[in-house]
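Along the sequence shown, the residues carry numbers beginning at 1. For clarity, every value in this text was computed on a predicted model and none was experimentally measured.
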Amino acid sequence: MTPDIVVVNGALIPFDPAHDGATALAIADGKIIAVGSDADIRPLAGEATTVVDAAGGTVLPGFIDSHVHLFGGSSELTALSLYGVTGIEAMKDAIRPFAAENPDDDMIFCVMADYMILGTGKTPTRHDLDSILSDRKLAMFAPDHHTVWANTMALEAAGLLQGGTVDAGSEIVMGDDGLASGELLEPGAYSPILKMTRNGGREMLGLTTGKDPDPAPDAAARQMDKDTIAAGLAHCAAQGITSLHLMDGNRYQLELLTELEAEGRLLCRCEVPFHLKGTDPVSRLTEEAPKMRSEYTGDMVRCAHVKMFIDGVIESGTALMLDPYPGTLGEGGNTGDEVFTQEHFVAACIEADRLGFQIAVHAIGDAGVRRTIDAYEAARDANGARDSRHRIEHLEVMHPDDIPRLAELGIVASIQPGHAPIGHIFPSDGVGKCLHDHQIAGAYAWQDIRDTGARVIFSTDWPVIPVDVMPNIRAAIAPLDLGPLWRDQTQSLMDTLASYTRDNAWAEFREDRKGTLAPGMMADVVVMSHDLTQLPPDDIVAAQAVTTICNGRVTFSA
């Protein structure tokens, strides 16, 4: 068979011992058909074969980002990023020109606004935002997407200025004047604000409700949404990404992705979950999830897992902790906000497991992680042990006693290195102020988890941090040293690359079809600009994808 594409002159990392030392591979009909030396592979090329010269750069299986919010990340590519902006004057300098350049936006929407954007201990209020823009709606998203701050005009338009009833785990923070302060915690509080974004909040429905837009968008809005996602997919492909595990889901996204595939614009494989909210009855799983799964089973678009949230995030005091937070976050004995009651959550896990779904749960605090482990154990006890590969997303703080339980129960640790204060992306002194010293031993315990034998997979949680692969790899292999309280959790380069490719394929039960460079495997390949093994850890960000191949076709070329 004459190859469609051959890649030669590469430093292959195949994650297949049979092909260690290979420098080239050949692709035909969406599959890898041969791996070997240049002398083996070059003669296979025909006149119509595309020849990719790797020029000595690393060639490895396409990156799999195993935790993203594709629609939201795609929409935020055109929003105003406040990353690195600090202080009210700097905010004015960034926001006012952007507002002037976008006169038709119903609301000026900013992203990546740090919790300490106004300085330590100062939470933005509607009055602060009014001082920047008082005659237009203005809102800012925190990087973790668990908090929105809005000005008076936006709160009034959203019907939130007087407060209101919200879901468990969410809060409209009220001011001393009896009106909303401007701080909105969790989707149950801030969803009305999102309805005023360019995509009308549809970009976040898979996260905020897990349900479809109501009313259904018209043809123009649907086309806009598809174009938004297509731009995001192109951005992912430019990072060397060939597969995405979405962590927000609804049928609407599955429909849009399927249409993009038919149009030839789906540049990455997409796994979309069924999202069960804490306010949903368990019966919704039984009635809706299997049908969604059965309808989307393709190699490019499929539904195979259930996503849930057990808690919030540390910085807003909503992650579930075993001890009350230190300082003002712990006022009133605050240990965080439960999204599910534990009884409800355990019942949901048992039912999802009974239905044969893989489960992925957002759990950040040490109590949230423990509750999730307990629920997975209850599901195993109720339904019997199976190869479930249930996942915990984030597990940023764990009690040391719970770390060995991951391997014992076969739980996958789904980690985002760039989220950590040691990861170079967020302020290094941020999270530590929200933890007691004794909790730091179990914080961001990547290597401690790996040493127990638990499977560790890596991702970004885009748009919480950029979907760019190499800064996230740097976070893992060259973390900051924050002093003696923080254990060294440095990852090896090979473990990190495996956690971004081979092991993410395993996490989606496709290790027999993708994640390695071997004949018969899906032709998902990335060619890097450098030999990654020759770069110092701190300089790994110098490397970038130069060619991305997904399903046997070039989806990005530098």
Any donor and acceptor pair, going by atom type alone, linking the side chain of Y83 with main-chain N or O of I465 inside 3.5 Å?
-> no
Please test R222 against L256 for side chain to side chain contact (heavy atoms under 4.5 Å, CB included), starting from the C-alpha separation and ending with a verdict.
-> CA-CA 8 Å; R222 193 178 183 94; L256 296 180; 3.8 Å; yes
Taking the inter-plane angle between the rings of H390 and Y376 on a 0 to 90° scale, is it parallel (under 30°), tilted (30 to 60°) or perpendicular (over 60°)?
-> tilted
Could you tell me the separation between the CG atom of L205 and the CZ atom of R251, rounded to the nearest 0.5 Å?
-> 15.0 Å
Residues S74 and E203: side-chain donor-acceptor under 3.5 angstrom | no
Please check if any side-chain donor atom of S243 sits under 3.5 Å from a side-chain acceptor atom of K514, or the reverse.
-> yes
With side chain to side chain contact (heavy atoms under 4.5 Å, CB included) as the test, would you mind laying out the steps for F63 and V467 before giving the verdict?
-> CA-CA 11 Å; F63 292 116; V467 77; over 6 Å; no
Okay, side chain of T555, backbone of T548: is any donor-acceptor separation there less than 3.5 Å?
-> yes
Are S75 and R198 close enough that a side-chain donor and a side-chain acceptor fall under 3.5 Å?
-> no
Rounded to the nearest 0.5 Å, what separation is found between the CG atom of L244 and the CG atom of D65?
-> 6.5 Å
Under a 4.5 Å cut-off applied to non-hydrogen side-chain atoms, are Y325 and T335 in contact?
-> no
Donor-acceptor pair, side chain of D105 and main chain of A99, under 3.5 angstrom | no
Cut-off 3.5 Å, side chains only: do H245 and N504 have a donor facing an acceptor?
-> no
L395 side, atom CG; Q416 side, atom CD - distance, nearest 0.5 Å | 8.0 Å
Correct closest heavy-atom pair for M196 and A154 would be CE-O, 3.6 Å
On a heavy-atom basis, the closest approach of A360 and E393 is CB-OE2, 3.5 Å
Exam field: side chain T197 to backbone L194, donor-acceptor pair closer than 3.5 Å = yes
If every non-hydrogen atom of G169 is compared with every non-hydrogen atom of E186, which pair is closest and at what distance?
-> O-CG, 3.1 Å
Sub-6.0 Å ring centroid separation between F141 and F109 | yes
Sub-3.5 Å donor-acceptor pair from the side chain of N151 to the main-chain atoms of L133, do we have one?
-> yes
Parallel, tilted or perpendicular: which describes the rings of W149 and Y115, with under 30° parallel and over 60° perpendicular?
-> perpendicular
Scanning both residues in full, the closest heavy-atom pair of T208 with K277 reads O-CE, 3.1 Å
Donor-acceptor side-chain pairing of H69 and D461 below 3.5 angstrom | yes
Taking all non-hydrogen atoms of both residues into account, name the closest pair between S170 and G188 and its distance.
-> OG-N, 3.0 Å
Side chains of D337 and T318: do they bring a donor and an acceptor to under 3.5 Å?
-> no
Distance under 6.0 Å and angle within 45° of ring axis: R293 vs F274 | no
Distance under 6.0 Å and angle within 45° of the ring axis: does R389 meet both against F509?
-> yes
To the nearest 0.5 Å, atom CG of L70 lies from atom CG of L257 at 6.0 Å
Side chain to side chain contact (heavy atoms under 4.5 Å, CB included) between R126 and M153, worked out = CA-CA 9 Å; R126 63 185 173 92; M153 193 171 180; over 6 Å; no
Sort out for me which residue in D212, D225, D214, D248 forms a salt bridge (Lys or Arg N to Asp or Glu O under 4.0 Å) with R202.
-> D225
With side chain to side chain contact (heavy atoms under 4.5 Å, CB included) as the test, would you mind laying out the steps for M321 and Q439 before giving the verdict?
-> CA-CA 10 Å; M321 308 301 284; Q439 292 174 311; 3.4 Å; yes
Check: T286 main-chain N/O paired with E351 side-chain donor or acceptor under 3.5 Å | no
Under the 3.5 angstrom rule, does the side chain of N472 hit a backbone N or O of G418 as a donor-acceptor pair?
-> yes
Would you find more than 12 non-hydrogen atoms of other residues, nucleotides or ligands less than 6.0 Å from K195 atom NZ?
-> no
Does a side-chain heavy-atom distance below 4.5 Å link L184 with L155?
-> yes
Is it true that a side-chain atom of E396 and a backbone atom of I415 form a donor plus acceptor pair closer than 3.5 Å?
-> no
Using only heavy-atom distances, determine whether the side chains of T152 and D130 contain a donor-acceptor pair under 3.5 Å.
-> yes
Closest non-hydrogen atom pair between C303 and P273, with its separation = SG-C, 4.2 Å
Counting distance only, does the side-chain N/O of T297 pair as donor-acceptor with the main-chain N or O of S294 below 3.5 Å?
-> no
Can you check whether L260 reaches K226 side chain to side chain, under 4.5 Å on heavy atoms?
-> yes
Any side-chain heavy-atom pair of C550 and R269 under 4.5 Å | yes
Find the distance between NZ (K433) and CD1 (I314) and round it off to the nearest 0.5 Å.
-> 14.5 Å
Is the distance between the ring centroids of H362 and H67 less than 6.0 Å?
-> no
